[in-house]
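See below for the structure under consideration.
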Amino acid sequence: MKSKFLIILLVMTFQNTFSQKQKSYSVNYLDDLSLFYLLDAKKVFAEESLAYLTKTELKYLRNLPYARKGMIFKDEALTQYFKKYPWYNPTKNNIDENELNPQEKHNIDKILLFENAIIIPTSDVNYQETLSGYWQLYTTTVADNYDDIFVFSNLDKSFSFYKNENNKKEILREYSGWFAINIDKIELDISHKIIMQKFYKKDRINPISKKHYKNAEYRRKEINLDDAHEFSVLPISEITLLTLDGIDKSFVKIDGKVYWKIVYEIREGC
């Protein structure tokens with residue numbers, strides 16, 4: 001009974017914090033992952049979610065299993081962070097590694113990889129060269145029906161953007177042009193677009209009810225903007241490089257979303 005009450009208390013505590021954050025920010029990944037762990041300590045964190053956390057948030061999440069087991073932290077920042085939660089009861093100066101289950105150890109090791117990752121700031125001379133390649137939203141692997149993809153070429157400073165193929169009715173399917181990095185922003189000069197244009201074929205008549213139906217279809221339409229280019233400015237982050245499960249990976253945040261590099265070599269132009 002006591003354990004059930006604790007779970008309910010944990011859910012209410014984090015849902016309250018989560019809802020308050022959502023009023024002024026986007027999804028709070030730290031609260032989300034913390035609740036994910038507290039409800040089941042044998043869950044493994046996905047790298048796609050960890051990529052959204054800051055260095056400080058990663059530190060909090062890495063120490064969550066120790067806080068859950070009652071560790072007294074020497075780091076005042078950790079103490080202040082965890083003491084706001086009613087379940088935190090610091091009674092131990094040390095937590096033996098044997099008290100951690102295999103999943104907790106795995107999560108801690110993985111978080112450390114993110115904390116110690118190589119960071120290439122936008123001001124670095126190699127930033128645009130590192131940015132060159134294919135970047136896919138959310139996932140680190142190429143799928144049959146890929147998600148949104150950015151393609152950047154450092155050779156001619158061209159770019160292309162492709163919308164998720166699963167959403168066939170998305171009006172704007174692709175756009176391309178040239179890009180420039182300006183401090184923490186990426187400036188997109190859009191010269192070409194492909195949209196899905198909706199049109200109606202002749203009415204279809206139901207042979208039984210005799211009712212008329214409009215047959216709607218979507219067709220791709222290319223738009224060359226010529227001299228009337230469109231411009232878009234999006235926030236862009238530093239590029240993070242790390243090795244996960246023996247595989248070198250990198251990600252960048254564009255407009256608040258994490259894109260993972262899936263192709264490292266690129267020919268001239270996109």
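Position 1 is the first residue of the sequence, and the numbers go up from there.
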(request) Could I get the full list of ring pair (Phe, Tyr, Trp, His ring centres under 6.0 Å) partners for Phe161, not counting sequence neighbours? (result) Phe150, Tyr175

(message) List the residues meeting ring pair (Phe, Tyr, Trp, His ring centres under 6.0 Å) with Tyr52, not counting sequence neighbours, and say none if there are none.
(response)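 Expected list: Tyr29.
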
(message) Quiz question: by atom type and distance under 3.5 Å, do the side chains of Asn98 and Asp96 form a donor-acceptor pair?
(response) yes

(request) Return the set of residues passing side chain to side chain contact (heavy atoms under 4.5 Å, CB included) with Lys74 (not counting sequence neighbours), or none when no residue passes. (result) none

(request) Kindly write out the residues that satisfy side chain to side chain contact (heavy atoms under 4.5 Å, CB included) with Ala46, not counting sequence neighbours, or none if the list is empty. (result)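 Once residues adjacent in sequence are excluded, the partners of Ala46 under the side chain to side chain contact (heavy atoms under 4.5 Å, CB included) criterion are Glu48, Ser49.
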
(message) Among Lys69, Lys92, Arg68, exactly one meets salt bridge (charged side-chain N to carboxylate O under 4.0 Å, His left out) together with Glu99. Which residue is that?
(response) Lys92

(request) Evaluate the ring planes of Phe36 and Phe45, with Trp represented by its six-membered ring, and classify them as parallel (under 30°), tilted (30 to 60°) or perpendicular (over 60°). (result)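 Phe36 and Phe45: tilted rings.
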
Can you give me every donor-acceptor pair (side chain of residues 117-129, partner residue at least two apart or in another chain, under 3.5 Å) with its distance?
{"from": "Thr122", "atom 1": "OG1", "to": "Ile183", "atom 2": "O", "distance (Å)": "2.7"}
{"from": "Asp124", "atom 1": "OD1", "to": "Asn126", "atom 2": "N", "distance (Å)": "2.7"}
{"from": "Tyr127", "atom 1": "OH", "to": "Ser237", "atom 2": "O", "distance (Å)": "2.6"}

So which heavy atom on [X] is nearest to which on [Y], and how close?
| X | Y | value |
| --- | --- | --- |
| His229 | Asp189 | ND1-OD1, 2.7 Å |
| Gly177 | Ser191 | CA-OG, 3.7 Å |
| Tyr88 | Phe73 | OH-CD1, 3.3 Å |

Could you tell me whether [X] and [Y] have a side-chain N and a carboxylate O separated by less than 4.0 Å?
| X | Y | value |
| --- | --- | --- |
| Lys42 | Glu104 | no |
| Asp75 | Lys59 | yes |
| Lys253 | Glu238 | no |

(request) Measure the spacing between NZ of Lys193 and CG of Leu225 and express it to the nearest 0.5 Å. (result) 6.0 Å

(request) Quick one: which residue pairs count as a side chain to side chain donor-acceptor pair (under 3.5 Å) with a foot in residues 106-120, not counting sequence neighbours? (result)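 For residues 106-120, and leaving out neighbouring residues, the side chain to side chain donor-acceptor pair (under 3.5 Å) pairs sorted by first residue read Arg62-Glu115.
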
